[in-house]
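Presented below is the structure to which this report refers.
Counting begins at 1 with the first residue of the sequence.
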Amino acid sequence: MDRDSSDEDDDRRNLTYRNDTTRSSFNVEELEPQMRRRSKLTFHKGYLFALVLPLLIVFIYFSTDIRSLFTSDISSFKFNTVSDQIRESQLQALHLLNRQQSSLLSIWNHTFINSNNITTVQFGDIKATLLTQITLNKHMQQILLSPYKAGDTLQNGTALDPSSAGYGFHRCRKVDQKFSERRTIEWKPRRNKFLFAICLSGQMSNHLICLEKHMFFAAILNRALVIPSSRFDYQYNRVLDIEHINDCIGKKVVVPFEDFMKLKKNHAHIDKFICYFSTPQPCYMDEEHLKKLKSLGISMGKLEAAWKNEDVKNPSRKTVKDVVEKFGSDDDVIAIGDVYFADVERDWVLQPGGPIAHKCKTLIEPSKLILLTAERFIQTFLGSNFIALHFRRHGFLKFCNAKKPSCFYPIPQAADCITRMVERANSPVIYLSTDAAGSETGLLQSMIMLNGKTIPLVKRPPRNSAEKWDALLYRHGLEGDSQVEAMLDKTICAMASVFIGASGSTFTEDILRLRKDWGTASICDEYLCQGENPNFISGEE
């Protein structure tokens, strides 16, 4: 009964607190019993609360992380709000970049198709600018996408790589060499008429270029070409496929020295020995080389100059007519030397496939052993998509510094140029052909990085019996031959997706010739840090 009346009084008190706001004075008689009842109620509730509170605290302590109870909801709410805003902004940026990429690729294709009304230089500038913007666009999309998903594909499945987006976009496509439009001459040697090749200036690369020009002279003069003896010149049959030349022409146009001497019964006479250049030294012939020829069973008359003032440092341009007038004769054996610097029908000679009519891709080709070894090395270490770099250093500093501007670049600058090409060509590895010291190549390797990933520089390793890629050279006694190794380097470089060469190097020029002839030349090929594409410079496209 007391409990009911107490509850009733309590309810009334609550009503009074809310509704009796208009009272102007206190009633002392009514206040005293109310205080007695309130103290009694407070005692009972306080006692109950004191008993329950410790139990409640213990329960909460063991069942709940108090810090997370008070902080997790608030903090997660704040961070979720911020992250959602960032996510929404990034997805909107990705959408806009994707639209920009589509527009850029559309412009690319439209310009490529309708390129007849602009010059080659203007067209190249437009393509380079568009390519830079497309590449930048792709990288921005990848950066924005990286927090959400690895790879090159957006969450909605839109491809970022232009080459796979159906646009027909190829960054480093092959150059159309237009072999069907070649200007050629038939090589038809007259019976028992020979041209003895004299190539003495420079190293092997110079000699190969000289030999190729001698072939052109032999075709003009209707003579068979005699390959020099290894006792007088390099041993060409170790690096070149001599019979390949005859097979491509369809007749015996090139004769090894040994076969020539058999025809002449081990004694041959050079009826005319004509020097293409008279300055600084006729034919580059000194007494030592003359003695070597005589020791081989060769006799000759006096050396004569075709032109009195023809200087190797400033060769004048000549034509087929000039060659016939100065070197044409009915003598059985003539010798012409040295024609490495000769400037005869330049556009004709430099065209892909060369100036002579034949049924192959190229006349002067590495030997079959070198070709097979190069293919095995690429299959073992590089794969089909690689960049080849001819990084000429030793002895190149003085040569390059004579040019304005110099073509000798500090390692950091060279690394920056190479990295840009890696980005453009999208190749995962670089084949390094170099004479640089390990200190230079080590620094170069450490500085070639793209998107935080090191791009490996691969050199041919030393001989290892556990590796089989070079077994053919080893079995045929060609391992360790410096000329064979140089030709192997050239062959690997000629097979690359993209080639970066050294301007002014005959080694590079040999590689470029092979790439043009084999159809492997790319629009991305260039001289290191010069941005010049040798395929366009030489007029092939």
Salt bridge (Lys or Arg N to Asp or Glu O under 4.0 Å) against [X], all qualifying residues, sequence neighbours excluded:
X: E365; result: none
X: D247; result: none
X: K368; result: D241
X: E310; result: K318

### Message
Determine whether S433 and H390 satisfy the following criterion, side-chain hydrogen bond (donor to acceptor under 3.5 Å, both in side chains), listing intermediate values before the conclusion.
### Response
CA-CA 5 Å; S433 170; H390 176 220; 5.0 Å; no

### Task
Please test L488 against I492 for side-chain contact (heavy atoms from CB on, under 4.5 Å), starting from the C-alpha separation and ending with a verdict.
CA-CA 6 Å; L488 180 57; I492 295 170; 4.2 Å; yes

### Message
Apply side-chain contact (heavy atoms from CB on, under 4.5 Å) to residues V344 and V323 and explain how you reach the verdict.
### Response
CA-CA 8 Å; V344 178; V323 171; 3.8 Å; yes

### Task
Without swapping roles, check the side chain of S505 against the backbone of F507 for a donor-acceptor pair under 3.5 Å.
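Yes; judged by distance alone, with no hydrogens or angles, the pair exists.
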
Nearest-0.5 Å distance that lies between atom [atom1] in [X] and atom [atom2] in [Y]:
X: D470; Y: E485; atom1: CG; atom2: CD; answer: 9.5 Å
X: L211; Y: L225; atom1: CG; atom2: CG; answer: 6.0 Å
X: L208; Y: K490; atom1: CG; atom2: NZ; answer: 5.0 Å
X: I387; Y: L382; atom1: CD1; atom2: CG; answer: 11.5 Å

### Message
Any non-hydrogen side-chain atom of I378 less than 4.5 Å from a side-chain atom of F386?
### Response
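The answer is yes, as the side chains (C-beta and beyond) meet within the 4.5 Å cut-off.
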
Set of ring pair (Phe, Tyr, Trp, His ring centres under 6.0 Å) partners for [X], sequence neighbours left out:
X: F216; value: W348
X: F377; value: F381, Y431, W469
X: W518; value: none
X: Y340; value: none

### Task
Over all heavy atoms of both residues, which pair between R424 and I523 is shortest? Give the atoms and the distance, please.
NH2-O, 4.3 Å

### Query
Step by step, would you call M421 with E526 a side-chain contact (heavy atoms from CB on, under 4.5 Å)?
CA-CA 9 Å; M421 180 54 72; E526 69 174 25; 3.5 Å; yes

### Message
Can you pull out every disulfide bond (SG atoms under 2.5 Å apart) where at least one residue sits in residues 472-508? Sequence neighbours excluded, please.
### Response
none

### Message
Applying disulfide bond (SG atoms under 2.5 Å apart) as the test, list every pair that has at least one member in residues 410-479; sequence neighbours left out.
### Response
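Listed once each, the pairs are C417-C529.
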
#### Entry: Cation-pi geometry met for R393 and F408 (6.0 Å, 45°)
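So R393 does make the cation-pi contact.
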
### Task
Let me see the working for I364 and L240 under side-chain contact (heavy atoms from CB on, under 4.5 Å), right down to the final yes or no.
CA-CA 7 Å; I364 296 183; L240 298 180; 3.7 Å; yes

### Message
According to side chain to side chain contact (heavy atoms under 4.5 Å, CB included), who are the partners of R346, at least two apart in sequence or on a separate chain?
### Response
R317, D343, L350

### Query
Stepwise, does the side-chain hydrogen bond (donor to acceptor under 3.5 Å, both in side chains) test hold for D416 with T419?
CA-CA 5 Å; D416 185 55; T419 302; 5.8 Å; no

### Message
Using the disulfide bond (SG atoms under 2.5 Å apart) criterion, which residues pair with C283? Sequence neighbours excluded.
### Response
C275

### Query
Regarding D517 and T362, is there a side-chain donor-to-acceptor distance under 3.5 Å anywhere?
yes

